Amino acid sequence: MIDKNFDPASFEQAIYARWEREGAFRPARPDAKPFTIVIPPPNVTGSLHIGHALDNTLQDLLIRWHRLNGRDARWIVGTDHAGIATQMVVERQLAQAQQPGRTAMGREAFLEKVWAWKEESGGTITRQLRRLGASCDWENERFTMDDGMNEAVLKVFVTLYKQGLLYRDKRLVNWDPKFRTAISDLEVETREVAGTFTHIRYPLADGAVLDSGADHIVVATTRPETMLGDTAVAVHPGDARYTSVIGKHVLLPITGRRIPIIADEHADPELGSGAVKITPAHDFNDWAVYERNKAIGWINILDAEARICAADGVPEAYEGLTREDARQQVVTDLEAMELIERIEQKTIQMPYGDRSGVVIEPYLTDQWYVNAAELAKDALSAVHDGRTQFVPKTWEKTYFNWMENIQPWCVSRQLWWGHRIPAWYAPDGRVFVAETEAQAQAQAGDVGLTRDEDVLDTWFSSALWPFGTLGWPDATPDLARHYPGDVLVTGFDIIFFWVARMMMQGLHFMGPERSDPKDRVPFRIVYCHGLVRDAKGQKMSKSKGNTVDPLDLIDKYGADALRFTLTAMETQGRDIKLNESRIEGYRNFATKLWNAARFAQSNGIAGSTSPLPPAASQPVNRWIIGEVRSAARALEQAIADFRFDAYADVIYKLVWSRFCDWYLELIKPLLGEGADAEVAAETRAVAGWALDQILVMLHPVMPFLSEELWHQLAVRDDLILAEWVKTDQLPEDAAASADIDWLISLISEVRSARTEVNVPPSAKLAYAVDGASPATLARLTANAAAIERLARILPGDVAPGGRLQVVHFEATILIPIGDVVDLAAEKSRLDKAMTAAIKERDALAGRLGNPGFTEKAKPEAVEKAREDHAARSAEAERLEAALSRLG
RNA sequence: GGGCGUUUAGCUCAGUGGUAGAGCAUCUCCUUUACACGGAGAGGGUCGGGGGUUCGAAACCCUCAACGCCCACCA
């Protein structure tokens with residue numbers, strides 16, 4: 001028996017265990033068409049946040065839907081080593097435990113600690129995904145640093161190197177002084193902060209003067225300390241103020257170095273003084289100036305922690321100062337020399353590390369770069385020609401814009417946790433890139449080699465996820481079958497980080513293996529969902545303290561309610577403002593269905609596993625068959641359109657507004673005492689079938705509840721809904737729907753008539769039931785006057801004595817009636833309704849009289865207007881008649 | 001400086017050329033034998049402003065405004 005209380009916690013975990021135990025997430029369907037989704041691998045040591053809950057709910061919905069529809073649906077799952085994030089956590093743990101730090105313990109010992117932490121916390125997020133109900137292929141769980149992925153990473157690195165698409169280069173990188181590593185452009189976020197704009201006088205050397213007579217050039221900077229590393233002053237070649245001094249020098253204050261005045265387009269005559277200081281080693285623009293004017297050279301004045309280091313002309317007193325302290329010191333010294341023209345307070349843009357939160361320093365180092373511009377070519381055309389499509393489409397523009405302006409991708413990181421770069425160096429500086437040290441040694445000959453200390457950017461391996469997880473570089477059956485993935489579901493915030501890189505690597509490495517260009521892309525659809533925000537629309541963050549833990553929500557409302565909420569609120573990429581009351585509402589929905597099933601069971605209605613609806617003669621049964629069918633069609637459309645909100649809406653309305661509110665109410669008399677046995681049997685069969693269909697349709701969104709009820713109502717206990725194949729053979733039955741539409745409108749009429757007759761607060765409601773029980777008849781007798789009154793208002797025949805039978809409807813229905821007390825109010829209401837009907841009727845008549853409308857509008861629209869006009873006319877007449885009967 | 005998005009009921013949002021919708025909230029009534037996590041009803045909107053296209057615009061075009069996001073080297 002279905003329990004009186006709906007308690008999701010009582011069955012969710014047991015159901016999940018059964019699914020997994022019986023292999024429901026990967027039923028053997030060798031002949032079926034595959035359907036593949038590759039999970040965005042979460043941080044292996046992380047825990048599930050609400051964004052994961054959304055992302056994975058949507059994926060699970062798609063996977064389960066296609067699995068129910070017979071596809072060989074497979075959800076590839078695994079976790080990411082998350083280089084910098086994980087290393088950070090472990091370093092923090094060591095510090096808290098007052099153990100030796102990373103550098104003190106050394107690389108091997110530190111990596112052991114990280115692996116230990118991975119083992120310890122690695123199961124958390126996958127357990128949490130199970131709580132959510134994610135039907136992943138757990139038997140083949142992967143990790144970005146498992147043997148297979150390591151092999152793929154090595155192969156890709158070496159291949160790109162051999163192809164000249166990956167190279168080592170000395171150039172400015174975004175340097176994180178806190179973690180002492182390079183990071184990519186994408187890991188830098190620009191923030192506006194209050195800063196200063198310092199105008200400094202650089203004295204001209206050798207007695208030179210400007211045409212204006214000045215003996216100095218003014219340059220402005222937000223970072224005065226970098227002047228220690230200046231190697232030139234640039235002016236625009238066409239700037240008349242400075243033509244006479246181009247090629248001459250200034251004396252760089254504090255350092256006493258003579259630096260040249262050069263002409264370069266970079267200097268904008270419109271800005272400030274028109275002259276700009278050039279610090280090649282500490283500014284991206286200035287580096288570009290240096291590349292055009294190599295003679296000026298460059299001077300590095302900072303160490304890896306962004307402290308002033310020994311450098312040409314830098315006074316010893318500066319060495320070891322932080323950037324901030326050095327800035328202060330420079331300004332103080334220059335002021336003493338009266339070389340500060342003025343200092344403006346100004347809002348300036350500063351680069352920050354997205355993980356470390358410290359100011360990023362442009363820093364001159366040797367790093368490994370991928371020629372992303374080359375790889376981007378095919379990645380661009382694949383989206384242009386639709387081999388991969390973004391949903392919603394608007395993200396394609398973002399993708400194009402970034403890809404078209406893509407910069408070399410810095411892939412080396414000065415970290416320890418990650419894939420170590422497979423490059424070895426000979427003492428003479430020669431580089432050998434190979435998959436193994438032995439191969440490198442073979443190339444190098446008889447010299448000692450040292451391996452590159454650095455590791456790869458985490459996204460380097462994530463980029464290989466769609467094929468690395470399927471066994472590549474081996475030509476496995478899985479790879480042949482499940483690449484490309486059908487859909488990638490992800491947040492728009494990682495389009496650049498991840499989606500773009502997967503596109504580039506997928507196309508490049510699967511290109512040679514697939515003859516059809518359509519099969520080279522890593523996935524055919526990229527579905528980008530929005531961010532989950534708090535109820536006020538603010539971004540959730542730990543620092544704001546406004547995060548919600550999906551596990552708490554699951555404990556409180558059940559996984560299904562959370563899933564349904566996220567599904568219903570996902571409207572194609574728009575951000576979601578999560579409100580707990582909404583979850584509560586969908587928990588109530590689950591309860592509603594639970595109770596409906598309980599009612600069904602107590603009335604002898606058993607489940608069904610047949611896709612075919614039973615033969616039905618009763619209008620109400622034929623109607624619900626039509627409703628179920630039309631809902632099924634709407635769901636197919638919702639899936640085809642990636643309209644998750646529509647999916648939830650259709651099933652919600654079918655269950656609540658159709659099945660519960662109408663159907664179950666309407667069939668009560670058909671099942672009660674004294675009911676026709678044949679009708680009752682038919683009704684039980686149809687109700688059981690409809691309920692089964694509902695559970696199947698609901699399953700992708702609410703897998704736990706649907707599975708539980710399916711078993712509770714089941715004819716066979718050995719079947720599992722999660723691996724069930726729905727056979728789609730529902731017949732079209734438009735006639736049945738039309739038939740019952742008329743019935744519904746009639747009942748609505750009766751109901752609205754009831755309000756028109758104004759039930760007073762004190763009135764007892766009664767039911768008029770054909771073949772009612774003696775007790776009911778007794779109550780009806782007491783309300784005979786009301787029945788009579790109703791008879792004067794309704795167009796149908798009302799039999800006095802308690803048998804209220806509405807026109808041609810043979811099944812008995814329940815009609816609430818009430819005492820009529822206020823005749824004047826009733827008349828006024830009828831009058832109001834009649835006026836409204838007439839107004840609408842006349843408006844429609846006006847439109848129908850408009851040739852522009854009847855000739856140009858769509859035929860359906862005209863037809864609908866005609867029908868509505870007829871309906872309003874009839875309504876108006878009916879109300880008028882009712883009014884006149886009231887006298 | 002570019003680009004994108006949003007603006008519809010108190011709140012959260014659907015609705016892309018044909019009589020303005022849903023959920024929640026509010027108010028009224030209901031111990032009715034699946035469900036008060038329920039039922040029956042009600043109130044509430046000049047669809048951000050202005051202009052245009054059209055027989056007809058929340059929807060299409062132009063423009064303004066507000067809010068939000070992304071990208072970008074103004075030293």
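Worth saying up front: this structure is predicted, and the values here are computed from it rather than measured. Sequence lines set the chain letters: A, B, ... in the order given, protein chains first and strands last, and positions in each chain run from 1.
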Participant: Taking atom C1' in both B:rC70 and B:rU26, compute the distance separating them and give it to the nearest angstrom.
Facilitator: 40 Å

Participant: A:D661 has a side chain; which of B:rA40, B:rU54, B:rA34 sits nearest to it?
Facilitator: B:rA40

Participant: Given the P atoms of B:rU54 and B:rC61, what is the spacing between them in whole Å?
Facilitator: 16 Å

Participant: Answer with yes or no whether A:K592 presents, from its side chain, a donor or acceptor under 3.5 Å of a partner atom in the base of B:rC35.
Facilitator: yes

Participant: Does the ring center of A:Y290 lie less than 6.0 Å from the ring center of A:W287?
Facilitator: yes

Participant: Students often get this wrong, so: under 4.0 angstrom with heavy atoms, is A:K577 touching a base, only sugar-phosphate, or nothing?
Facilitator: sugar-phosphate

Participant: Want to settle it: does A:D868 or A:R643 sit nearer the 5' end of RNA chain B, counting the closest nucleotide to each?
Facilitator: A:R643

Participant: Assess, by modelled atom type and distance only, whether the side chains of A:S184 and A:E187 contain a donor and an acceptor separated by less than 3.5 Å.
Facilitator: yes

Participant: Mapping A:F492 and A:W656 to their closest nucleotides on RNA chain B, which lands nearer the 5' end?
Facilitator: A:W656

Participant: Under 30°, 30 to 60°, or over 60°: which ring-plane class applies to A:H529 and A:Y527, parallel, tilted or perpendicular?
Facilitator: tilted

Participant: Compare the minimum distances between each of B:rU12, B:rA34, B:rC37 and the side chain of A:N588, then state the nucleotide with the smallest one.
Facilitator: B:rC37

Participant: Roughly how many Å apart are B:rC24 and B:rA59, using the P atom of each and rounding to a whole number?
Facilitator: 29 Å

Participant: Looking only at side-chain atoms of A:M569, point me to the closest of B:rC69, B:rU12, B:rA34.
Facilitator: B:rU12

Participant: Between A:E291 and A:R171 (salt bridge meaning N to carboxylate O under 4.0 Å), is one present in this structure?
Facilitator: no

Participant: Whole angstroms only, please: what is the CD1-C1' distance between A:I651 and B:rA22?
Facilitator: 17 Å

Participant: How are the rings of A:Y652 and A:F589 set to each other: parallel, tilted or perpendicular (split at 30° and 60°)?
Facilitator: parallel

Participant: Would you mind classifying the nucleic acid contact of A:F853 as base, sugar-phosphate or nothing, using non-hydrogen atoms under 4.0 angstrom?
Facilitator: base

Participant: Contact class for A:T394 (heavy atom, under 4.0 Å): base, sugar-phosphate, or nothing?
Facilitator: sugar-phosphate

Participant: Answer with base, sugar-phosphate or nothing: what part of the nucleic acid does A:A267 contact at a heavy-atom distance below 4.0 Å?
Facilitator: base

Participant: Is there a Watson-Crick or G-U wobble partner for B:rG17 with both distances under 3.5 Å, and if so, which one is it?
Facilitator: none

Participant: Taking the C1' atom of each, how far is B:rG52 from B:rA42, in whole Å?
Facilitator: 40 Å

Participant: Let's see if you can work this out: which of B:rA34, B:rA75, B:rG18 has an atom nearest to the side-chain heavy atoms of A:L664?
Facilitator: B:rA34

Participant: For a quick check under 3.5 Å, do A:Y586 and A:R582 share a side-chain donor-acceptor pair by atom type?
Facilitator: yes

Participant: So, is A:R574 close to the B:rA14 phosphate, meaning a side-chain N or O under 4.0 Å from OP1 or OP2?
Facilitator: yes

Participant: On a whole-Å scale, what distance lies between the P atoms belonging to B:rG45 and B:rG38?
Facilitator: 27 Å

Participant: Select base, sugar-phosphate, or nothing to describe what A:R587 touches, counting heavy atoms under 4.0 Å on all strands.
Facilitator: base

Participant: Taking the P atom in each of B:rA40 and B:rU33, what is the distance between them to the nearest angstrom?
Facilitator: 15 Å

Participant: Under 4.0 Å between any heavy atoms, over every strand shown, what does A:A843 touch: base, sugar-phosphate, or nothing? Just pick one.
Facilitator: nothing

Participant: Just checking A:Q349: base, sugar-phosphate only, or nothing, at a heavy-atom cut-off of under 4.0 Å?
Facilitator: base

Participant: With a 4.0 Å cut-off on N to O distance, would you call A:R872 and A:D868 a salt bridge?
Facilitator: no

Participant: Sticking with atom C1', work out how far B:rA72 lies from B:rG3, rounded to a whole angstrom.
Facilitator: 10 Å

Participant: Would you mind pulling out the nucleotide paired to B:rC24, Watson-Crick or G-U wobble, both distances under 3.5 Å?
Facilitator: B:rG10

Participant: Which part of the nucleic acid, if any, lies within reach of A:R223 when heavy atoms closer than 4.0 Å are counted: base, sugar-phosphate only, or nothing?
Facilitator: nothing

Participant: Could you identify the nucleotide paired to B:rG68, looking across every strand shown and requiring Watson-Crick or G-U wobble geometry with both distances under 3.5 Å?
Facilitator: B:rC4

Participant: Write down the partner of B:rC47 under the Watson-Crick or G-U wobble criteria, each distance required to be under 3.5 Å.
Facilitator: none

Participant: How far, in whole Å, is B:rG41 from B:rC47 if one measures between their C1' atoms?
Facilitator: 26 Å

Participant: Can you tell which of B:rC70, B:rC24, B:rG39 lies closest to the side chain of A:F496?
Facilitator: B:rC70

